[in-house]
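Read through the structure below, which is laid out as structure tokens, and then see the notes.
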Amino acid sequence: MNILISYNWLKEYLKTDLSPQDFASRVSLSGPSIERIYQKCGDWEKIVVGKIVNITKHPNADKLHLVETDIGRKKVQIVCGGSNLQGGMKVAVALPGAKVRWHGDDELVELKESEIRGEKSFGMICSGEEIGLGKLFPAKEEKEILDLGDLDAKPGTDLNKALILDDTIFDIEITTNRPDAMSIVGIAREAGTILKVPFTMPEVRKIKEKNDGSALKIKNEESDLCYRYQAVVIEGVKIKESPLWLKKKLASAGTRSINNIVDITNLVLWEMGQPLHAFDYEKLEGKKIVIRKAKMGENIIALDGEKYKLKNSHLVIADAKNPVAIAGVMGGAESGVSEATTTIVLEAATFNSVSVRKTSRELNLRSESSALFEKGLSTEATTLALLRAANLIMELAGGIVKSKIFNESSKLYKQKEVSVKVERVNNVLGINLEDSEMIDILNRLGFDARLLSGEIVARVPYWREGDIMIAEDLIEEIARIYGYHRLPSILPEGKLPDMKESRDFIWQKDLRNFAVSAGFSETYSYSMISKKMFKDFHFGSGLMIGLLNPLSEDLEYMRPSLLPSLLETVSINENNFGEAKIFELSRVYHKVKSEELPEENLRYSGIVYGKENNGNLFYNIKGFVEELFSRYDLHNYELKSADNKNYHPSRSLSIYIGKEYLGDFGEIHPALLARFGIKSRVAFFDFDFAKLIINFKEHKTYSPLSPYPKVVRDISFVVDKKQEFGAIKELIIGIDELVRDAELFDVYEGKGMPDGKKSMALHITFRSARKTLEIKEVDVIWEKIAQKLKKDLKADIRS
Amino acid sequence: MKNKLAQFKKSALMALEKIKTADMLMDFEIKFFGRKGEYNKIIHELPKLDADDKKEMGQLANKAKMAIDELLDKKHLELDEIRLENLAKEEWLDKTAPGTRPDIGHLHFTTQAIEEIFRIFTQLGFVKRSYREIEWDWYAFESLNMPPLHPARDEWETFFVNLSSSDGKHKGKVVLTPHTSSGQTREMERGKLPIRMTNISKCYRRQSDTSHIPMFHQFEGLLIDKGVSIAHLKGVLDYFARSFFGPERVARLRPSHFMFTEPSFEVDISCGVCNGAGKLESGEKCKLCKEGWLELGGAGMVHPNVLKAGGIDPEIYSGFAFGWGVERTFMMKEGTKIDDIRILYKNDLRFLRQF
């Protein structure tokens with residue numbers, strides 16, 4: 001969580017004169033991370049305080065007004081679209097020549113006297129964003145201009161002088177384990193320890209309690225959810241606007257000013273990290289506070305104006321009848337402090353963190369208060385905060401204490417003690433730090449640490465009780481304050497693990513590189529697909545592994561195949577690329593049983609697509625597969641017709657080794673492509689990675705090169721159109737052992753061919769392992785082949 | 001026969017002298033020495049002669065051929081020389097016309113990133129490992145010191161899967177691994193020490209905007225041994241920073257908080273654009289980094305509870321772990337200026353072919 005901390009405010013409790021940059025970089029190294037620095041906001045030229053005299057509609061624009069504005073020496077007309085313009089309002093006016101940020105852009109723009117839709121405009125009435133005050137005076141809505149309110153400055157006063165906003169705001173990230181640091185005091189304490197400079201707490205004076213327990217009745221029915229509840233009644237308070245110093249402090253933390261009482265509770269929240277709440281005493285039915293769970297059907301309208309339906313699991317603060325606050329999250333609007341309020345109940349409590357968190361999430365209602373409580377606050381923090389707020393209330397709103405300080409406490413506080421061996425600290429740090437330095441660091445952080453026979457025993461300060469549990473937590477405190485940047489940087493020595501890298505990684509790299517060298521580009525797609533895809537592809541619904549909380553319908557089920565993703569890639573690209581090759585090597589997921597983890601199988605799949613429907617895509621994919629298998633010396637595979645409805649019925653094959661199925665390839669069924677809106681034809685290959693690599697040879701065997709030359713003779717003939725080459729090749733190679741290969745290099749059908757016929761041309765390779773072949777020997781075998789083709793296949797030999 | 005031979009030699013030599021081009025030379029060779037050429041005609045007549053004449057004529061024929069051959073070779077050389085002198089003119093090409101490119105595909109950006117990161121850590125003896133993507137909640141959270149309902153879990157916007165089990169201590173809900181750290185306890189459970197492993201895997205979180213994607217890759221390093229210190233972690237991270245980003249870059253550790261490590265660190269790398277100054281030479285604020293540093297990811301010393309969950313005695317062994325997003329790290333290095341990370345997995349070939 002990030003908080004905004006004013007450097008000026010911080011310096012009230014911390015003695016430092018470091019520049020904001022130096023402060024930030026030093027503190028970030030050992031403590032909370034200061035992520036951004038917003039430099040002093042007041043650095044304006046030609047921006048003055050203006051007072052709105054009169055507002056009229058712009059004659060030519062609905063949403064604009066002509067605003068007569070007093071800028072001191074004169075009154076000028078300014079065209080303005082602000083939504084909150086009011087007569088008498090004090091505003092920031094940028095005069096011609098001033099530099100502003102249009103709508104909060106990063107670039108500064110110089111303002112000129114201009115005409116807007118035919119009306120003269122002398123400068124601009126600014127929003128907070130436009131003059132870099134967005135953080136200090138956050139706008140409620142987009143078109144809101146900056147309301148300088150009760151600012152005690154005459155029209156024409158330079159804005160720098162009027163606001164005295166010479167400050168730096170740190171945007172600080174605080175980790176969830178450190179709610180104690182989510183405040184001015186918390187940061188001051190951290191920084192004081194890190195910088196070795198003095199840190200002081202805000203001044204807190206005791207208040208004069210009335211010895212009257214009857215003003216309020218408090219009953220804690222849920223001592224497991226509310227550990228401590230402190231409250232005091234103050235009467236005779238005067239509700240008014242807060243003074244500028246208070247408003248400015250709240251603004252620096254990003255909080256809007258409401259009225260003096262509410263502002264004080266917020267001030268203490270930011271200052272000390274303890275949420276407080278003020279109720280209107282008169283609105284509490286029966287002058288009673290009951291800490292209980294909400295009843296079925298109970299509702300509350302919270303301070304944000306929204307109505308919340310409460311559940312029985314939600315902890316509330318109630319009066320005799322109704323809930324008046326959602327405990328730890330937000331107060332109720334009904335019982336809140338209003339202008340009519342004269343007596344208040346000031347509350348400081350500690351709630352169970354899990355309960356606050358659950359309630360806040362279930363109601364979808366977050367607040368600064370819930371953000372603190374859900375991280376766990378100490379019961380010891382309430383008293384100081386209550387007193388600090390009471391002091392300020394009496395100072396700024398008058399009023400006197402009407403009751404005692406009520407204190408319902410269900411948990412007895414016991415200071416925690418954690419210890420760590422000095423030797424262990426140094427082992428983890430990798431250096432030799434003196435025990436006295438370790439103890440000094442802990443004590444500066446507020447621990448009470450001492451050395452006891454080689455061991456540091458540390459009493460944990462209450463504000464760290466939720467965070468410091470074990471020895472390692474103390475080691476962290478010592479190490480970070482000493483400075484991680486001061487520790488040496490050493491490469492680990494020691495034994496290397498007794499484990500070889502799995503060869504799978506090398507195979508993965510090989511197969512990727514093979515595909516790339518064959519012209520395939522690699523894709524990565526999401527592992528999830530839509531329900532519709534599951535149906536469109538013929539995947540059995542028994543395989544469905546669904547997400548309980550998908551991000552969208554498109555990403556709802558774990559994919560059982562890479563095909564849908566690859567087809568999606570085709571449809572994305574086919575307009576830009578008429579043909580392309582793509583592949584992916586990723587896991588697919590198959591359900592085993594609903595009580596077991598699913599199978600995760602790596603698949604090696606790819607696609608070639610193009611416009612033509614001449615079977616070439618099939619041969620492209622087949623050639624790829626053949627080359628792949630021969631590269632890894634796998635030859636004893638069998639091809640069978642693929643039994644898969646996603647494929648073209650006659651242009652697909654499955655690959656087996658014995659009975660083991662490795663995968664398949666072929667053209668995708670045109671009907672499936674049509675469902676995808678794909679206009680191209682698509683051929684696909686799909687292999688189970690694990691089965692491939694088991695059968696692939698890692699080391700190849702070398703076959704000696706024949707010293708005798710080969711003889712290549714061609715043959716061409718006309719056969720039936722449906723005659724498969726596979727049978728021809730088998731026939732030719734079977735004729736004589738000197739025939740080594742038969743390679744198809746031309747097929748022709750169509751014009752000039754008799755109906756139902758095609759011509760084929762082959763290179764036939766002859767070679768002997770023992771001698772150089774003679775022409776006559778080759779002639780004899782060639783003749784045999786020709787005769788056999790004539791006889792068995794009724795081939796008409798052309799040459 | 002003798003006359004024929006003399007005539008043959010004379011006409012051949014005369015013809016040879018007149019030859020000016022390679023084509024003429026080829027015609028000459030066909031005419032005089034081709035299969036049906038003048039020379040063969042004479043040779044074919046040899047068998048008709050009686051034995052003595054046959055021998056004499058044979059020798060004569062051979063002599064004549066050798067004499068011609070010698071000049072023929074010279075002619076060849078002569079013509080070759082002329083040809084090579086004119087080569088530039090004869091074989092002129094338009095060198096500005098485009099080359100014929102090989103049809104080669106492209107490895108995905110992420111694969112290239114993964115390989116480079118793996119390469120660096122394997123140099124330090126880290127062994128590549130891989131684990132499940134769909135995993136028991138126990139490995140993803142509980143064994144990492146994050147019991148159910150722990151608020152720290154909120155930081156992982158986790159996807160839950162419609163599988164679950166009620167028996168066995170490691171079972172319960174099933175998640176898509178939101179981080180690679182789920183592999184830590186799996187690795188420890190193998191019971192082999194010391195451990196030095198790296199794992200890069202797909203991770204899933206419920207997020208999608210210009211800098212977040214629901215599926216991304218994370219890198220993990222885990223080292224468990226006796227006497228492992230923060231100094232060792234710094235050593236490894238500095239080595240990575242220099243190898244991956246360049247010799248002038250450094251890593252730094254800042255305090256952070258993770259449930260499965262104690263102490264926990266945020267790892268930063270000095271900014272390559274402003275060289276760690278936070279400001280450009282022009283004095284403008286560096287837009288890439290935060291005050292001179294870029295956030296790389298998280299790290300820490302393995303929490304004793306995690307060691308215990310993995311069956312390792314934290315009194316004897318200690319270790320560190322670190323991990324971060326692969327895509328983001330690679331984008332930081334290359335200055336690829338990818339303004340929307342979601343483009344990585346859209347698979348537009350116009351994008352894929354740039355890598």
Side-chain angles (χ1 to χ4, degrees), chain A residues 25 28-29 31 33 35 175-177 354 357 374 427-430 472-473 476 479-480 484-485 487-492 494-497 499 501 505 512 515-517 519-527 545-549 551 555 569 572-573 576-577 580-581 587 589 594-595 597-598 600, chain B residues 103-108 110-111 125 127-128 132-134 136 149 151-152 159-163 165 174 192 194-196 202 206 208 214-215 223 225 227-232 234-236 238-239 252-257 262-263 265-266 290-291 301 304 318 345-350 352-353:
Chain A
S25 58
S28 296
L29 276 179
S33 167
E35 296 194 325
T175 51
T176 51
N177 59 327
V354 175
R357 177 163 169 268
E374 68 178 33
N427 282 345
V428 175
L429 267 62
E472 279 70 18
D473 295 320
E476 175 169 62
R480 71 181 177 93
Y484 296 136
H485 57 292
L487 297 178
S489 169
I490 302 166
L491 281 176
K495 219 173 79 177
L496 290 180
M499 176 171 57
E501 177 181 311
F505 290 106
R512 281 197 171 100
V516 166
S517 65
F520 287 77
S521 283
E522 189 182 17
T523 64
Y524 271 67
S525 40
Y526 291 134
S527 306
I545 303 167
L547 299 182
L548 293 172
N549 54 344
L551 203 54
L555 305 174
T569 303
I572 286 169
N573 287 293
N576 287 321
F577 299 91
K581 300 174 182 178
R587 292 186 197 180
Y589 313 87
S594 54
E595 301 225 328
L597 292 178
E600 297 177 15
Chain B
D103 183 13
I104 293 177
H106 297 255
L107 280 179
H108 195 275
T110 303
T111 296
V127 178
K128 284 187 220 167
R132 302 195 55 93
E133 288 173 25
I134 303 179
W136 297 114
L149 290 178
F159 284 113
F160 288 90
V161 171
N162 63 356
L163 304 168
S165 173
V174 177
K192 292 205 172 143
I195 291 170
R196 257 190 219 208
K202 287 193 172 113
R206 297 188 75 249
S208 181
M215 182 190 88
L223 188 149
D225 203 345
V228 179
S229 72
I230 299 172
H232 293 133
K234 283 185 74 172
V236 168
D238 278 335
Y239 182 85
R252 74 166 183 186
L253 300 180
R254 270 187 301 116
S256 189
H257 175 65
E262 188 72 42
F265 317 106
E266 207 63 58
K290 287 178 180 170
E291 313 296 335
M301 306 304 288
S318 56
Y345 302 130
K346 283 215 171 112
N347 295 323
D348 188 322
L349 281 163
R350 291 170 299 172
L352 297 177
R353 290 185 176 179

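In what follows, every chain begins at residue 1, and chains take the letters A, B, ... in the order their sequences are listed. Keep in mind that what you see is a predicted model, and the values were worked out from it rather than measured.
Of all the heavy atoms in Ser521(A) and His106(B), the pair that sits closest is OG-N, 3.1 Å. Across Arg196(B) and Pro497(A), no two heavy atoms sit closer than the pair CB-CG, 3.6 Å. When all heavy atoms of Ser28(A) and Pro255(B) are compared, the pair lying nearest together is O-CD, 3.7 Å. Of all heavy-atom pairs spanning Ser527(A) and Met215(B), the tightest one is OG-SD, 3.5 Å. The shortest heavy-atom contact between Leu429(A) and Ser229(B) is C-CB, 4.1 Å. Between Ile572(A) and Asp348(B), the closest heavy-atom pair is CG2-CA, 4.4 Å.
Each of Asp225(B), Leu253(B), Ile195(B) has some count of heavy-atom pairs under 4.5 Å with chain A, and the biggest count is that of Leu253(B). Note: Asn177(A) leads Leu29(A), Leu555(A), Asn177(A) in heavy-atom pairs under 4.5 Å with chain B. Put simply, of Ser25(A), Gly430(A), Pro488(A), the one with the most heavy-atom pairs under 4.5 Å next to chain B is Pro488(A). Note on Asp103(B), Ile134(B), Val127(B): by heavy-atom pairs under 4.5 Å with chain A, the leading option is Ile134(B). Chain A forms the most heavy-atom pairs under 4.5 Å with one residue out of Lys202(B), Lys192(B), Arg254(B), and that residue is Arg254(B).
Rounding to the nearest 0.5 Å places NE2 of His108(B) at 9.0 Å from OG of Ser525(A). Summarising the geometry, atom CZ belonging to Phe520(A) is positioned 13.5 Å from atom CD1 belonging to Ile104(B); distances are rounded to the nearest 0.5 Å. Interatomic distance, Asp238(B) CG to Ile490(A) CD1, rounded to the nearest 0.5 Å: 11.0 Å. Here OG1 of Thr569(A) is found 8.0 Å from CG of Leu352(B). Values are rounded to the nearest 0.5 Å. Atom-to-atom distance recorded for Arg512(A):CZ and Leu107(B):CG is 7.5 Å, nearest 0.5 angstrom.
When heavy atoms are compared at a cutoff of 4.5 Å, Phe577(A) approaches chain B solely by way of its side chain, counted from C-beta outward. Both the backbone and the side chain of Phe160(B) come within less than 4.5 Å of a heavy atom of chain A. For Lys346(B), the part sitting under 4.5 Å from any heavy atom of chain A is the backbone (N, CA, C, O) and nothing else. Both the backbone and the side chain of Thr523(A) come within less than 4.5 Å of a heavy atom in chain B. Residue contact with chain B, scored on non-hydrogen atoms closer than 4.5 Å, involves the side chain of Asn573(A) exclusively. Heavy atoms of Arg353(B) lying under 4.5 Å from chain A belong exclusively to its side chain.
Residues Asn576(A) and Leu349(B) have side chains not in contact (no heavy-atom distance under 4.5 Å, counting atoms from C-beta outward). Within the 4.5 Å cutoff, the side chain of Val161(B) has no heavy atoms near those of the Leu548(A) side chain. Inter-residue side-chain proximity for Arg480(A) and Phe265(B) is flagged as unmet; no heavy-atom pair is nearer than 4.5 Å. The shortest side-chain heavy-atom distance between Glu266(B) and Ser33(A) does not fall under the 4.5 Å cut-off. Put simply, the side chain of Val228(B) does not reach to within 4.5 Å of the side chain of Pro492(A), judged on heavy atoms. Considering only heavy atoms from C-beta on, Asn427(A) stays 4.5 Å or farther from Ser318(B) through its side chain. By the 4.5 Å heavy-atom criterion applied to side chains, Glu133(B) and Arg587(A) are counted as neighbours. Between His485(A) and Arg252(B) the shortest side-chain heavy-atom distance does not fall below 4.5 Å.
Side-chain atoms of Thr111(B) and Glu522(A) form a donor-acceptor pair, as typed in the model, at a separation below 3.5 Å.
Among residues two or more places apart in sequence or in another chain, the salt bridge (Lys or Arg N to Asp or Glu O under 4.0 Å) test is passed with Glu595(A) by none.
In this structure, Lys234(B) contributes its side chain and Tyr484(A) its backbone to a donor-acceptor pair below 3.5 Å. A distance-only check finds a donor-acceptor pair linking the side chain of Asn347(B) to the backbone of Tyr524(A) [under 3.5 Å].
Note: Tyr526(A) and Tyr345(B) have perpendicular aromatic rings, judged against thresholds of 30 and 60 degrees for the angle between ring planes.
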Worked check of side-chain contact (heavy atoms from CB on, under 4.5 Å) between Val174(B) and Leu597(A): CA-CA 8 Å; Val174(B) 177; Leu597(A) 292 178; 3.9 Å; yes
